[in-house]
Amino acid sequence: MDKFTKLTGVAAPMPLVNIDTDMIIPKQFLKTIQRSGLGKNLFDEMRYNQDGTEIADFVLNQPAYRQAQIIVAGDNFGCGSSREHAPWALLDFGIRCVIATSFADIFYNNCFKNGILPIVMPPEVVAVLMEDARKGANARMTVDLEAQTVTTSDGQSFPFQVDSFRRHCLMNGLDDIGLTLEKVAAIDGFEKTAATLRPWV
Amino acid sequence: MTAPRTLYDKIWDDHVVHQAEDGTCLLYIDRHLVHEVTSPQAFEGLRMTGRKVRAPEKTIAVPDHNVPTTEGRDTKIDNEESRIQVEALDKNAKDFGINYYPVSDIRQGIVHIVGPEQGWTLPGMTVVCGDSHTATHGAFGALAHGIGTSEVEHVLATQTLIQKKSKNMKVEITGSLRPGVTAKDITLSVIGLTGTAGGTGYVIEYCGQAIRELSMEGRMTVCNMAIEGGARAGLIAPDEVTFAYVMGRPHAPKGAAWEAALSYWKTLFTDEGAHFDKVVTIRGEDIAPVVTWGTSPEDVLPITATVPSPEEFSGGKVEAARRSLDYMGLTPGMKLTDIKIDTVFIGSCTNGRIEDLRAAAEILKGKKIAPGMRAMVVPGSGLVRAQAEEEGLAQIFIDAGFEWRLAGCSMCLAMNPDQLSPGERCASTSNRNFEGRQGRNGRTHLVSPGMAAAAAITGHLTDVREMMAETV
């Protein structure tokens with residue numbers, strides 16, 4: 001997993017609530033057995049006509065946002081299916097950070113496993129960031145995970161909260177499985193005790 | 001004396017392997033269910049790092065999302081990508097030595113129907129699967145939730161998950177349901193009230209008389225859609241109904257082990273005075289048969305209502321409602337019962353169990369579907385299918401004009417050939433009415449099995465209670 005420390009880039013405004021993972025990556029693209037290559041189908045049904053041509057007014061098709069690295073969105077981003085293909089598609093497109101008023105639980109977790117930083121901000125801050133994002137490619141936003149701030153193109157800075165363990169893993173690009181396997185003795189011990197307490201499991 | 005605990009607290013406490021100072025826990029996982037779509041990259045990860053499946057005996061795999069529901073699929077799957085995914089699961093199950101129900105096995109079906117049916121899911125367990133509808137298993141008083149593929153790999157390798165505890169939320173349904181009102185109407189009504197993010201950060205315990213009066217099938221329907229309300233998991237405390245369902249299942253404990261399990265299971269309830277961070281109470285008598293009108297599961301209204309206007313909402317929901325109505329091709333003010341239906345889909349992990357098929361067949365008995373209607377029943381498992389055939393339900397569906405399919409997820413997410421065409425409108429017993437969910441530009445109205453059957457007969461969304469009056 002790539003480290004995430006500080007990112008300065010174009011933010012795409014998506015002022016919609018309940019952007020679900022079916023929108024982010026429709027089911028026909030879940031048939032892959034790989035993690036990579038999903039970026040071209042990110043937001044597929046919003047981004048392309050049925051004949052495969054681009055829908056010009058969709059935000060990521062606009063010249064200003066084709067290189068976006070940040071998305072600013074409304075409530076409950078990433079709701080629905082648990083498909084990790086959603087963060088894989090975002091990452092493959094180049095998105096490293098999503099800022100919204102709230103996220104669905106599973107999607108939120110999945111982001112951290114893939115080097116994407118999901119940031120929860122209050123509605124009034126999202127409104128400011130949304131406006132900044134609307135300025136287009138010249139307005140680059142800065143997300144600093146170490147300082148835990150988001151800074152707009154005109155220098156307004158907003159703090160955000162993030163779980164300390166997740167922040168640590170993201171900043172260092174750590175592999176969860178490796179970390180957990182360091183506690184294998186505790187897992188062995190748990191299994192031994194559980195075998196006595198709940199032998200039917 | 002220990003402080004009073006909720007059911008969630010108790011199951012959580014019994015599975016903590018390690019707790020860090022910041023509250024991050026390593027939680028032990030008792031059952032890991034696996035399907036073909038969200039697992040290939042996880043198994044590949046194990047191969048690349050030379051890791052093994054830590055507890056293959058606690059890992060159960062079944063292909064369901066991709067598989068066609070028509071005959072001949074055990075020898076040939078036409079779609080090459082689907083075939084590759086199913087073959088990858090065949091191989092991974094064999095290579096890693098995990099429990100497996102291949103397409104050719106009569107026990108194959110939707111993972112959330114197979115787990116309980118085979119007795120893999122038991123009260124007090126932790127159950128995960130790379131699928132958001134894992135919440136279904138909460139009906140047994142098991143802590144069950146969906147995970148992403150990285151977490152699937154983590155559980156395969158370590159039999160644990162890194163977790164932080166959620167908050168406790170209580171959803172109480174008091175009194176009894178009125179005739180024609182089902183578990184599906186309960187769960188949709190709750191989401192209609194709390195919204196799709198109302199449960200975010202919580203584990204919900206459903207309780208109250210109306211929940212107690214549900215069968216295990218109904219309880220699974222309620223918990224299944226906890227995720228649609230944003231909750232990590234839904235739970236129902238186990239009781240005699242649960243124990244009766246579990247007893248005798250292939251992987252349920254037997255003899256002395258059963259007695260030991262039973263005495264533990266009987267401790268799995270929320271203590272008097274335990275703290276809930278959020279409480280929602282609904283009177284069972286107030287719940288009507290409901291349908292969704294929009295493209296979010298929170299867009300719920302009683303069947304007797306009219307299509308809302310975007311101005312009735314506030315904040316971001318105004319624009320969302322406008323977009324939904326446009327997508328759904330609906331006009332504010334029109335009666336929901338005037339909405340014409342092209343397709344009826346009965347099935348899914350929400351409503352693909354035997355009781356659901358019985359409820360639909362009850363309405364369909366001796367009737368025909370409307371001219372031009374496409375209607376299909378996709379049983380949740382091969383065993384549900386066999387039982388429905390034995391009970392004569394299959395014949396009722398076939399005589400009415402339904403297609404009688406093999407088990408799988410099918411049109412719930414349309415990864416297999418069962419899909420809606422652009423503009424096609426479906427009354428569906430599934431769980432998501434998202435844009436494009438059942439096929440690009442397809443339009444989905446979520447309903448109970450009885451309501452789906454009623455719509456199939458009349459050709460438009462219909463109050464199932466009217467059809468029930470006819471049969472009396």
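Everything numeric in this text was worked out from a predicted model, so none of it was measured. Reminder, nothing fancy here: chain letters follow the sequence lines and each chain counts from 1.
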**Prompt:** Side chains of A/Asn76 and B/Thr196: donor-acceptor distance under 3.5 Å anywhere?
**Reply:** yes

**Prompt:** Do you know which of B/His15, B/Lys317, B/His251, B/Lys164 has the most heavy-atom pairs under 4.5 Å to chain A?
**Reply:** B/His15

**Prompt:** What option among B/Leu122, B/Thr49, B/Leu26, B/Thr134 has the most heavy-atom pairs under 4.5 Å with chain A?
**Reply:** B/Leu26

**Asked** Under a 4.5 Å cut-off applied to non-hydrogen side-chain atoms, are B/Phe434 and A/Met23 in contact?
**Response** no

**Asked** Any idea which of B/Arg323, B/Lys58, B/Met415 has the most non-hydrogen atom pairs under 4.5 angstrom with chain A?
**Response** B/Met415

**Request:** Determine, stepwise, if the pair B/Val17 / A/Glu191 fulfils side chain to side chain contact (heavy atoms under 4.5 Å, CB included).
**Result:** CA-CA 9 Å; B/Val17 173; A/Glu191 283 183 338; over 6 Å; no

**Request:** May I ask you to check whether over 12 heavy atoms, not counting those of A/Glu54, lie within 6.0 Å of atom CD?
**Result:** yes

**Request:** Examine whether an atom of B/Pro422 lies under 4.5 Å from a heavy atom of chain A, and if so say whether it belongs to the side chain, the backbone or both; otherwise answer neither.
**Result:** side chain

**Message:** Minimum heavy-atom separation for A/Leu181 and B/Arg51, please, with both atom names.
**Reply:** CD1-NE, 3.5 Å

**Residue among A/Asn109, A/Asp176, A/Ile33 with most heavy-atom pairs under 4.5 Å to chain B** = A/Ile33

**Item:** Ionic contact status for A/Arg166 with B/Asp22, cut-off 4.0 Å
**Value:** no

**Message:** Is A/Phe103 close to chain B through its backbone or its side chain, or both, or neither, when contacts mean heavy atoms under 4.5 Å?
**Reply:** backbone

**Asked** Side chain, backbone, both or neither: which part of A/Arg35 has a non-hydrogen atom closer than 4.5 Å to chain B?
**Response** both

**Request:** Give, as side chain, backbone, both or neither, the part of B/Asn431 having an atom under 4.5 angstrom from any heavy atom of chain A.
**Result:** neither

**Salt-bridge criterion met for A/Lys31 and B/Glu36 (N-O under 4.0 Å)** = no

**Request:** Indicate whether any N or O donor in one side chain lies under 3.5 Å from an N or O acceptor in the other, for B/Asn441 and A/Glu45.
**Result:** no

**Request:** Begin from the C-alpha positions of A/Phe190 and B/His18 and carry the test side chain to side chain contact (heavy atoms under 4.5 Å, CB included) through to its verdict.
**Result:** CA-CA 9 Å; A/Phe190 179 92; B/His18 177 268; over 6 Å; no

**Message:** Taking side chain as everything from C-beta outward and backbone as N, CA, C, O, which of these in B/Thr160 sits under 4.5 Å from a heavy atom of chain A? Side chain, backbone, both or neither.
**Reply:** side chain

**Asked** Would you say the side chain of A/Asp44 lies within less than 4.5 Å of the side chain of B/Arg440, judging by non-hydrogen atoms?
**Response** yes

**Request:** Write down the atom of A/Val201, the atom of B/Arg31, and the distance for their closest heavy-atom approach.
**Result:** C-NH2, 3.6 Å

**Asked** Any idea which heavy atoms bring A/Ser81 and B/Ser132 closest together, and the distance?
**Response** CA-OG, 3.7 Å

**Prompt:** Rounded to the nearest 0.5 Å, how far apart are CD of B/Glu21 and OG of A/Ser164?
**Reply:** 10.0 Å

**Request:** Output the option from B/Ala260, B/Gly230, B/Ala320, B/Ala257 having the highest count of non-hydrogen pairs under 4.5 Å with chain A.
**Result:** B/Ala260

**Request:** Considering only heavy atoms and a distance below 4.5 Å, find which of A/Thr32, A/Thr101, A/Asp175 pairs most often with chain B.
**Result:** A/Thr32

**Asked** At what distance, to the nearest 0.5 angstrom, does CD1 of B/Ile227 lie from CG of A/Asp105?
**Response** 7.0 Å

**Message:** Heavy-atom pairs under 4.5 Å with chain B - which of A/Thr193, A/Ile106, A/Val17, A/Val184 has more of them than the others?
**Reply:** A/Ile106

**Message:** As an exercise, state the distance from CZ of A/Arg83 to CG of B/Asp131, rounded to the nearest 0.5 Å.
**Reply:** 9.5 Å

**Request:** Please test A/Glu84 against B/Ser150 for side chain to side chain donor-acceptor pair (under 3.5 Å), starting from the C-alpha separation and ending with a verdict.
**Result:** CA-CA 8 Å; A/Glu84 198 162 318; B/Ser150 294; 2.4 Å; yes

**Message:** Below 4.5 Å, heavy-atom pairs only: which of A/Pro87, A/Ala104, A/Gly80 has the largest tally toward chain B?
**Reply:** A/Gly80

**Prompt:** Are B/His154 and A/Thr180 close enough that some pair of their side-chain heavy atoms sits under 4.5 Å apart?
**Reply:** yes

**Message:** Could you check whether atom NZ of B/Lys254 has more than 12 heavy atoms from other residues, nucleotides or ligands sitting under 6.0 Å from it?
**Reply:** yes

**Asked** If you count heavy-atom pairs under 4.5 Å between each of B/Arg54, B/Glu44, B/Met125 and chain A, which one has the most?
**Response** B/Arg54

**Asked** At what distance, to the nearest 0.5 angstrom, does SG of A/Cys169 lie from CD1 of B/Ile162?
**Response** 6.5 Å

**Request:** Flag the one option from B/Arg432, B/Glu319, B/His133, B/Glu151 with the top tally of heavy-atom pairs under 4.5 Å to chain A.
**Result:** B/Arg432

**Asked** What is the ring orientation for A/Trp200 with B/Trp265, classed by angle as parallel under 30°, tilted 30 to 60°, or perpendicular over 60°?
**Response** perpendicular

**Straight-line distance of A/Asp22 CG to B/Thr295 OG1, nearest 0.5 Å** = 11.0 Å

**Prompt:** Going through the distances and angles, do B/Glu153 and A/Lys113 end up as a salt bridge (Lys or Arg N to Asp or Glu O under 4.0 Å)?
**Reply:** CA-CA 11 Å; B/Glu153 186 179 339; A/Lys113 312 288 182 193; over 6 Å; no

**Prompt:** Would you call B/Glu81 and A/Lys27 a salt bridge, taking side-chain N to carboxylate O under 4.0 Å as the test?
**Reply:** no

**Item:** Under 4.5 Å from a heavy atom of chain A, the part of B/Val16 involved
**Value:** backbone

Residues 139-146 of chain A side chain polar contacts: donor-acceptor under 3.5 Å, at least two apart:
residue: A/Thr142; atom: OG1; partner: A/Thr8; partner atom: OG1; Å: 2.9
residue: A/Asp144; atom: OD1; partner: A/Glu146; partner atom: N; Å: 3.0
residue: A/Asp144; atom: OD1; partner: A/Ala147; partner atom: N; Å: 3.0

**Prompt:** Given the options A/Asp163, A/Leu179, A/Ile177, which has more heavy-atom pairs under 4.5 Å with chain B than any of the others?
**Reply:** A/Ile177

**Request:** With a 4.5 angstrom heavy-atom cut-off, could you sort out which part of B/Thr158 is near chain A: side chain, backbone, both or neither?
**Result:** both

**Request:** Mind ranking A/Thr21, A/Asn110, A/Leu197, A/Asn114 by heavy-atom pairs under 4.5 Å with chain B and telling me who comes out on top?
**Result:** A/Asn110

**Request:** Against chain A, label B/Ser82 side chain, backbone, both or neither, depending on which of its atoms sit under 4.5 Å from a heavy atom there.
**Result:** both

